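Let me begin by presenting the structure, written as structure tokens, before commenting on it.
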Amino acid sequence: MSQSYLDQLNPVQAQAVTNTEGPVLVVAGPGSGKTRVLTYRIAHLIQSGVAPWEILTLTFTNKAAREMKLRIESVVGTRASNVWAGTFHSIFARILRVEAEKIGYPSNFTIYDSDDSKSLIGTIISEMNLDKNTYNANAVRARISSAKSNLVTPKLYQNNQELMSQDRMAKRPFVHAIYEKYTARCKKAGAMDFDDLLYRLFELFQKNPDNVLDKYRKRFRYLLVDEFQDTNHLQYSIIKKLVHYDGSPRNICVVGDDAQSIYAFRGATIQNILDFEKDFANFGIQIFKLEQNYRSTEQIVQAANEVITNNSRQIQKKIWSDKGEGQKIKIINALTDTEEGKRVTDIIVEQKNRSHLMNSEIAILYRTNSQSRVFEEYLRRYNIAYRVFGGQSFYQRKEVKDLIGYLRLIINHNDEEAFKRVINFPKRGIGKTSVDKIGQAAGQLNESFWDAMLKANVGARTKNSLGSFKRMIEGYTLRSQSENAYEIAQAVAKDSKLLDTFKADTTVEGLSRVDNINALLDGIKTFVEEGSILDPETGQKDTSLSAYLQNIALLTDHDQDVNLTDYVTLMSVHAAKGLEFKSVFVVGLEEKLFPSFMSMETIEQLDEERRLFYVAITRAEQYLTLSHARSRFRFGKMHNNEPSRFLEEVPTQHVETTAYIRPRGQTDMSAPRSSGIKGNFKPRTTASNTGFKVNPADFRPSPSSDVQAGMKVLHLKFGEGKVIAVDGSANNRIATIHFPEIDSPERRIMLKFAKLQIVE
DNA sequence: GTTGGTATCTGTGGA
DNA sequence: AGATACCAAC
């Protein structure tokens, strides 16, 4: 057997790969070859005789799972496709398809996405006659979601003093009642939301009917978990059900980095890492720390290390790189968001020309998806190919959801959200009043909307329409037994008049809706051609509509296959986790934006924002550019924001001194700037003026040769300071200055770069 | 029931 | 600014 893949690992990595028995915790810094370790570990298991389908690998994104499979394949060949590898949600959904009936769900259950959940919660709120401003559907949904993630049932919720008093304080004492109704309603509709995919599996394992748990414990002899820092309590509880029991070999390997935990907002907790150490302490746990960064240059790694030390709690590790010192970090201080867009694009042009970067080696990362627009405009003007990830996903578009709504209803008649979406679109004369009556009947009879629809007290004509609607859907349900997903979807798009309705709309929007429907149909066709694997062990494939729907529900925009053209990547920092680019731009580094205004209340929230910043800067291999704008257009208004505190946390010795030079011959392309600031557009020459303690308009820098020890000086970012000493050679004088206003007040400043105004 | 216009709300990240 | 909710008129 060839062991050559072991030669490609450093000693710690090799340890993490070959110690396959018993519990293992791998703490993996950014760029430390985490994926390599995971894939080689799986390959190693297979090489040592473990059957691929005995290995379960849980990841957070479909993309990560797919990539892992590809890489395992390159070592062990096609056997790789028999490994169970997927996201928590998709693997668990697959198990639930088989077992759902044991806990009172149909095997063809629908998966409600967050829009469905939100809509149902909104319906319940209004049915309960609660004020929908106090009871914000999104806020309630978040609370329900976090309850589920912490194994809190509606009953437990009601008995939990802390939760109840939080609700009372927020003037929302009935959240527990909404939670209870929501749960019942989902069940009635044969639907699971994203949290249910986890929670119901836990329930199944907990109740353990027919000793079903035993089956999965035996099936998954080896368990691997990627991005463990992003798991929530519920996920960890399921993991423990599978591997942590008497007599278990406890073959579990979790890989994570506490410094890259960025999903606390949806219940993830790094407590899981600490708990893991504790829970498996008596079972021979082995801990490996991957500390060598193979991705980034020293400037970037050291800056990142420094930034993260501002967080209060973390697992001690020393990330280092031997990629050489590399380029310093550039900082762009822009006046407006449009100027930021222009200057970032200018640098992209320069990097392409001078450093011969491909578009695909460049990424622009931002905190919120809405920031993409300005960059898109400039990239388009400069004729640079780009691709925006995230934002409104393809699957969230109205027309796409409409068609999928039909398909969902065909497979699961009880799907309430799908029913309401399509019952009167395209119009068939069944208006709001009728749907409300159906809803009332459903409530009284304790039936689904579907079962109640012909029993509702509606007019004869409406009843007629309902009847033919019902027959149409049932006809497709029958056909779906024998025809594949594409055949059904195509027929539905035509017969339901959905395509015709959109075709009748000749506006630009209507045209794009038709395009999107066709794109969706193409996607379904591809699915049918490839089929989805039901069970890695048997390799059984399924091209049915039902299989398609379970596949689609957990897909995001990032999973769309990308044609291999060369484009600049635009995405949120969250979406960029796990990726790397030669050149990275982290933009919009302003207080209230990054860190987000929603996350500035507590130290914990700020720490998470900082970890997000850490993730952002560690995506860069060679070039890192940070930018902020003094003012930006947001929510329909101009906002002036201070530069982000994170900019100040980047040590100045890693920052390049830049002067903004207007690119030649491009004046005609200059951005439309908001009036009022126009005249103030001046080149800035300091690198470190990332946060201004002094109003730049009042700032009059003095010739640096005049600066002497003992003087009182002003610095744009650091404020007032006292020069303690001046040393260095005549043409590279360095001043040691004490700035009382900043955190580490003693600064060494090179006078030939710094701008200082002598006060006295 | 449908249409079109106006008022109101909302606003981070994503499986 | 954009999406959605709501309402009056057809």
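Just so we're clear, the structure is a prediction, and the values are computed from it rather than from any experiment. Quick note on labels: first sequence line is chain A, next is B, and so on, each numbered from 1.
Rounded to an integer number of Å, the gap from CG of A:N551 to C1' of B:dA15 is 14 Å. One atom, CG of A:N62, and another, P of B:dG14, lie 14 Å apart when rounded to the nearest Å. Straight-line distance from the CZ atom of A:F389 to the P atom of B:dT12: 22 Å, rounded to whole Å. In this structure, A:M571 atom CE and B:dT12 atom C1' are separated by 16 Å, rounded to whole Å. Protein atom CD of A:E608 is 9 Å distant from nucleotide atom C1' of B:dG13, rounded to whole Å. A:L365 places its CG atom 15 Å from the C1' atom of B:dT12, with the value rounded to the nearest Å. Atom NZ in A:K63 sits about 15 Å away from atom C1' in B:dG14, given to the nearest Å. The separation between A:Y366 atom OH and B:dG11 atom P is 19 Å, rounded to whole Å.
In this structure, A:S599 reaches the bases: a heavy-atom distance under 4.0 Å links it to at least one base atom across the strands shown. Using a 4.0 Å heavy-atom criterion, one finds that A:S596 contacts the bases of the nucleic acid, with or without backbone contacts as well. In this structure, A:D113 reaches neither bases nor backbone, as no heavy-atom distance under 4.0 Å exists between it and the strands shown. Residue-level contact check: A:S114 touches the bases, meaning some heavy atom is under 4.0 Å from a base atom. Among the atoms of the strands shown, none is found under 4.0 Å from any heavy atom of A:K432.
Cation-pi geometry between A:R97 and A:F109 is met: the NZ or CZ atom falls under 6.0 Å from the ring centre, inside 45° of the normal. A cation-pi arrangement is absent between A:K241 and A:Y236, since the terminal nitrogen or guanidinium carbon is not both under 6.0 Å from the aromatic centre and inside a 45° cone about the axis. The cationic atom of A:R611 (NZ for Lys, CZ for Arg) does not lie both less than 6.0 Å from the six-membered ring centre of A:F613 and within 45° of the ring axis.
A sub-4.0 Å separation between OP1 or OP2 of B:dT2 and a side-chain N or O of A:N424 is present. At B:dG13, one or more side-chain N or O atoms of A:N369 fall inside 4.0 Å of OP1 or OP2 (strictly under the cut-off). OP1 or OP2 of B:dG11 has not a single side-chain nitrogen or oxygen of A:T368 nearer than 4.0 Å.
The OG1 atom of A:T501 sits 12.5 Å away from the CD atom of A:E399 when rounded to the nearest 0.5 Å.
Set against B:dA15, B:dG11, B:dG1, the side chain of A:T61 has B:dA15 as its closest nucleotide. Out of B:dG14, B:dG1, B:dT12, the shortest distance to the side chain of A:H574 is found at B:dG14. Distances from the side chain of A:Y263 to the nucleotides B:dG14, B:dT12, B:dA15 place B:dG14 closest. Relative to the side chain of A:F597, the nucleotides B:dA15, B:dT10, B:dT12 differ in distance, and B:dT12 lies closest. Distance from the side chain of A:S572 is smallest to B:dG14 among B:dG14, C:dA1, B:dA15.
Position along DNA chain B of the nearest nucleotide to A:R367 versus A:S434 favours A:S434 as the more 5'-ward residue. Each of A:T462 and A:R266 was matched to the nucleotide of DNA chain B holding its nearest heavy atom; the match closer to the 5' end belongs to A:T462.
Salt-bridge check for A:E417 with A:R408: failed, with every basic side-chain N at 4.0 Å or more from each acidic carboxylate O. Using a 4.0 Å cut-off between a side-chain N of Lys or Arg and a carboxylate O of Asp or Glu, A:R632 and A:E340 qualify as a salt bridge.
Across the C1' atoms, C:dT4 and B:dG13 are found 23 Å apart, a figure rounded to whole Å.
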